[in-house]
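Scroll down for the structure; my scribbles are underneath it.
None of these values were measured; they are calculated from a predicted model. Keep in mind that the numbers below use all heavy atoms, side chains included, and drop hydrogens, waters and symmetry copies.
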Amino acid sequence: MSDKNKKAPESQERALLVRNAIAVLKIDFPSKHDNRFREIIVERIKQEIKNLEPAQLTRLHEAACEADAKHSSVSELRTALRVRISNLYNLGKARKRAANT
């Protein structure tokens, strides 16, 4: 079995995790159970964040930005996603260049 085939189930699992996270972030008036599920999903996303593809990061960031900011888990997720996206695109160097102009 090739490495690509071994990674396919993990990749599919991460894709489903992202889809579930986006869905739960879209709930405008979450119940107590929705909030608990959201917290669990957010923690799992933060664990997997380094393994997510750029498109998945973007979709999650969009959903987190549209979600209710009153929940600390959503704010934490946005911060974690911004850090990962910044690192992915090496935005720290761009920020330093902009500060020097």
Side-chain angles (χ1 to χ4, degrees):
M1 183 182 288
S2 72
D3 287 339
K4 192 173 189 177
N5 290 338
K6 289 179 187 176
K7 293 180 183 178
E10 293 170 359
S11 180
Q12 289 174 350
E13 183 179 327
R14 281 192 294 274
L16 290 173
L17 176 65
V18 167
R19 289 177 68 187
N20 284 310
I22 290 169
V24 77
L25 287 169
K26 289 182 178 182
I27 300 172
D28 288 332
F29 302 103
S31 69
K32 179 177 75 171
H33 299 293
D34 293 332
N35 278 328
R36 183 67 187 131
F37 185 65
R38 179 185 286 178
E39 290 172 13
I40 293 166
I41 290 282
V42 165
E43 286 305 312
R44 181 61 194 264
I45 288 289
K46 290 189 321 190
Q47 292 171 1
E48 291 288 330
I49 204 162
K50 289 188 179 197
N51 300 318
L52 298 177
E53 297 173 13
Q56 292 171 323
L57 293 168
T58 299
R59 289 178 31 228
L60 280 167
H61 189 247
E62 289 170 345
C65 287
E66 293 173 0
D68 188 356
K70 290 184 283 191
H71 301 282
S72 62
S73 62
V74 175
S75 296
E76 292 170 6
L77 177 61
R78 280 196 302 257
T79 299
L81 288 165
R82 280 194 305 266
V83 168
R84 179 66 181 128
I85 291 167
S86 294
N87 291 338
L88 185 67
Y89 295 111
N90 207 5
L91 298 180
K93 288 182 181 180
R95 187 182 68 219
K96 288 178 186 176
R97 282 193 307 270
N100 291 330
T101 58

Between Glu10 and Asn51, does a side chain to side chain contact (heavy atoms under 4.5 Å, CB included) hold up when you go through it step by step?
CA-CA 10 Å; Glu10 293 170 359; Asn51 300 318; over 6 Å; no
Let me check something: any side-chain donor-acceptor pairs from residues 77-86 under 3.5 Å, sequence neighbours excluded? List them with distances.
from  : atom 1 : to    : atom 2 : distance (Å)
Arg78 : NH1    : Ala64 : O      : 2.8
Thr79 : OG1    : Ser75 : O      : 3.1
Thr79 : OG1    : Arg82 : NH2    : 3.4
Arg84 : NH2    : Lys50 : O      : 3.4
Ser86 : OG     : Arg82 : O      : 2.8

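- When each of Glu43, Arg44, Arg36 is checked for a side-chain contact (heavy atoms from CB on, under 4.5 Å) with Ile40, only Arg36 meets the rule.
- For Glu76, the salt bridge (charged side-chain N to carboxylate O under 4.0 Å, His left out) partners at least two apart in sequence or on another chain are Lys46.
- A distance of 8.0 Å separates CG in Leu17 from CG in Leu60, rounded to the nearest 0.5 Å.
- Cluster membership for Leu52 and Tyr89, using ILVMFWY side-chain heavy atoms within less than 4.5 angstrom, is shared.
- Side-chain contact check for Ile49 versus Leu57: some heavy-atom pair is nearer than 4.5 Å.
- Here NE2 of His61 is found 9.0 Å from OG1 of Thr58. Values are rounded to the nearest 0.5 Å.
- Arg38 places a side-chain N or O within 3.5 Å of a backbone atom of Ile27 that can act as its donor or acceptor partner.
- In this view, Lys32 satisfies the side-chain contact (heavy atoms from CB on, under 4.5 Å) rule with no residue, not counting sequence neighbours.
- Taking Glu53 as the reference, Ser11, Gln56 meet the side-chain contact (heavy atoms from CB on, under 4.5 Å) condition, with sequence neighbours excluded.
- Atoms OG and CG, from Ser73 and Asn35 in turn, are 7.5 Å apart once rounded to the nearest 0.5 Å.
- The side-chain contact (heavy atoms from CB on, under 4.5 Å) search around Ser31 returns His33, Asp34, not counting sequence neighbours.
- Under the salt bridge (charged side-chain N to carboxylate O under 4.0 Å, His left out) criterion, no residue pair touches residues 57-67, with sequence neighbours excluded.
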